[in-house]
Amino acid sequence: EARRVREGFGATLGAPVLLVSDTNVGPLYAEDVVDALEEQGFRVITHTIEAGEPSKSLDTVSTLIDLALDFGLGRRDLIVALGGGVVGDIAGFTAAILHRGIALILVPTTLLAQVDSAVGGKTGVNHAKGKNLVGAFWQPDSVVASHAVLATLPERERRCGLAEAIKHGFIADTQLVDRFERSGEAFARLDRDPTMELVEDCCRIKAAIVAADERESGRRAVLNFGHTLGHAYERLLGYGELTHGEAVSLGMIHAAHVSERLGHASPGLAERVRDVLAAAGLPVDTQDPKLPNIDALVEAARSDKKADGDTVRFVVLEEVGRSLIRGLTWDELSDALAA
């Protein structure tokens, strides 16, 4: 892949590359990536950020820009992101704004990043007022997904990726949900063949949606199924208390109930959504007393980037595999959640 990169970019000998990783992934895989790039004549500088959501800040991006400019990265040079979604978001946003945009290659090392965040071109950082409020659309020039790197994933991070994979099935692919119900244990173990098929299917689903609506002005918003309230959980509990996938799992439970209560889905849909998520080991108890209540969730969601004044574009299901975007007032959403 490093050779293909060099040939594709027509890189000259000694062309600079900024490799961004984190404290979890860097010690495991950064040396191999650096060696591969240097063998192709690239001159590599590596920056390792602290793993986790707190690193998704403008301060981190500012540090990367300073480092890139000091190292001599120009408009024809390259940033490589080695890590999960947080690394991809930070490195991608840096690539989007440095010299008004330079080349980006993503090497996602989590299941969540491979099935979701590495595809689509969304980059960004968090703000005190909400998740991913500062960012840009910037498509990577290449995404390299390897099954081997998934072997070191903690169990909780595996489930985090499964949540987004299941989401793709809920919104667009009944057969994918059926496979989760039949082969959930194989997915949970990350067995090679079913996992690579899962990554391929999720990339196919998401790429098709993104290609039709890159800037999320219309249909792409169905990818936010479960995210309106999922992001609210993350904001209220602090980024990292729940993984992104765990928060989205709870958000999907709420969204499935709203789908029924608004008459879009037949009774029983929410129960099936709950069963599929529970079988993957994801949280489904939205009544857990340790979690924020409905009023607090809705108030937090109002500051989300998907909110639009008095309304929100909320993703509901008509059935598993069929989704739609419904414009709701916050009072309508609160009533549906409280019913």
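Keep in mind that this is a model prediction, so the values were computed, not measured.
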Handout entry: Interatomic spacing from CG in L242 to CZ in R156 - rounded to 0.5 Å
Key = 6.5 Å
Handout entry: Student check: side-chain heavy atoms of T243 and R159 closer than 4.5 Å
Key = no
Practice task
Measure the shortest side-chain to side-chain distance between L250 and D288 over non-hydrogen atoms and say whether it is less than 4.5 angstrom.
Solution key: no
Exercise for the section: Answer yes or no: is there a donor N or O on one side and an acceptor on the other, between the side chain of R261 and the main chain of A336, under 3.5 Å? Expected result: yes
Handout entry: Exam field: side chain T94 to backbone I65, donor-acceptor pair closer than 3.5 Å
Key = no
Problem - CA sep, side-chain torsions, deciding dist, call: V258, L337, side chain to side chain contact (heavy atoms under 4.5 Å, CB included) - result: CA-CA 6 Å; V258 169; L337 289 167; 3.6 Å; yes
Handout entry: Minimum side-chain heavy-atom gap V316-L324 below 4.5 Å
Key = yes
Practice task
Evaluate side chain to side chain contact (heavy atoms under 4.5 Å, CB included) for V61 paired with I90, printing each intermediate quantity in order.
Solution key: CA-CA 6 Å; V61 172; I90 294 168; 4.3 Å; yes
Exercise for the section: If the plane angle is over 60° it's perpendicular, under 30° parallel, otherwise tilted; pick one for H244 and H231. Expected result: tilted
Handout entry: From CA spacing to verdict: side chain to side chain contact (heavy atoms under 4.5 Å, CB included), L198, L176
Key = CA-CA 8 Å; L198 177 67; L176 182 55; 3.6 Å; yes
Practice task
Report yes if some heavy atom in the side chain of I294 is under 4.5 Å from a heavy atom in the side chain of H254; otherwise report no.
Solution key: yes
Practice task
Please check if the side chain of D191 supplies one atom and the backbone of D193 the other of a donor-acceptor pair under 3.5 Å.
Solution key: no
Completion exercise
Separation between CG (L19) and OG1 (T46), nearest 0.5 Å, reads 4.5 Å
Problem - Distance-minimising heavy-atom pair for T174 and G321 - result: OG1-CA, 3.7 Å
Problem - Over 12 foreign heavy atoms within 6.0 Å of CD, Q175 - result: no
Practice task
Answer whether the closest heavy-atom distance between the side chains of K56 and F93 falls below 4.5 Å.
Solution key: no
Practice task
Give the intermediate values and the outcome of side chain to side chain contact (heavy atoms under 4.5 Å, CB included) for residues N24 and T152.
Solution key: CA-CA 10 Å; N24 288 338; T152 53; over 6 Å; no
Fill in the blank from the handout: Value for CG (L98) from CG (L64), rounded to nearest 0.5 Å, stands at 9.5 Å
Ignoring hydrogens and angles, write down the donor-acceptor pairs under 3.5 Å from the side chains of residues 266-279, residues two or more places apart or on other chains.
from	atom 1	to	atom 2	distance (Å)
R272	NE	E181	OE2	3.0
R272	NH2	D178	OD1	2.9
R272	NH2	E181	OE1	2.8
R274	NH1	V284	O	3.0

Handout entry: Any donor-acceptor N/O pair, T110 side chain to G84 backbone, under 3.5 Å
Key = no
Practice task
With the side chain counted from C-beta on, respond yes when D116 and C202 share a heavy-atom pair under 4.5 Å apart, and no when they do not.
Solution key: no
Exercise for the section: Please round to the nearest 0.5 Å and tell me the distance separating atom CG of L229 and atom NE2 of H227. Expected result: 11.5 Å
Exercise for the section: Please report the shortest heavy-atom distance between A265 and L317, naming the atom on each side. Expected result: CB-O, 3.3 Å
Exercise for the section: Look at the side-chain heavy atoms of Ile, Leu, Val, Met, Phe, Trp and Tyr, link any pair under 4.5 Å apart, and say whether L112 and L282 land in one connected group. Expected result: no
Exercise for the section: Would you confirm whether T329, through its side chain, and D310, through its main-chain N or O, come within 3.5 Å as a donor-acceptor pair? Expected result: no
Exercise for the section: Report, as yes or no, whether the 6.0 Å neighbourhood of atom CZ on R192 holds more than 12 heavy atoms from other residues, nucleotides or ligands. Expected result: no
Exercise for the section: Measure across G85 and S117 and return the closest heavy-atom pair with its distance rounded to 0.1 Å. Expected result: CA-OG, 3.6 Å
Practice task
Determine the minimum heavy-atom distance between G245 and A163, stating which atoms define it.
Solution key: O-CB, 3.4 Å
Exercise for the section: Could you point out which residue of R326, R322, E319 forms a side-chain hydrogen bond (donor to acceptor under 3.5 Å, both in side chains) with H264? Expected result: R326
Practice task
Indicate yes or no for a side-chain donor-acceptor contact from D89 to the backbone of T123 under 3.5 Å, with no hydrogens or angles considered.
Solution key: no
Practice task
Might you confirm whether atom CD of E200 has over 12 heavy atoms from other residues, nucleotides or ligands at distances under 6.0 Å?
Solution key: no
Handout entry: Interatomic spacing from CZ in R220 to CD1 in I209 - rounded to 0.5 Å
Key = 9.5 Å
Exercise for the section: Kindly say whether S146 contributes a backbone atom to a donor-acceptor pair with the side chain of Q114 at under 3.5 angstrom? Expected result: yes
Fill in the blank from the handout: Closest non-hydrogen atoms of C203 and V119, given as atom of the first, atom of the second and distance, are SG-CG2, 3.7 Å
Handout entry: Flag, side chain of N126 to backbone of N132, donor-acceptor distance under 3.5 Å
Key = yes
Handout entry: Side-chain heavy atoms of S323 within contact of R219, under 4.5 Å
Key = yes
Exercise for the section: Without swapping roles, check the side chain of H99 against the backbone of L73 for a donor-acceptor pair under 3.5 Å. Expected result: yes
Practice task
Would you mind reporting whether R43 and F71 have side-chain heavy atoms less than 4.5 Å apart?
Solution key: yes
Exercise for the section: Might you confirm whether atom CD of E318 has over 12 heavy atoms from other residues, nucleotides or ligands at distances under 6.0 Å? Expected result: yes
Problem - Under 3.5 Å: donor-acceptor pair, side chain of D213, backbone of G218 - result: yes
Problem - OG1-CG distance between T60 and D22, expressed to the nearest 0.5 angstrom - result: 11.5 Å
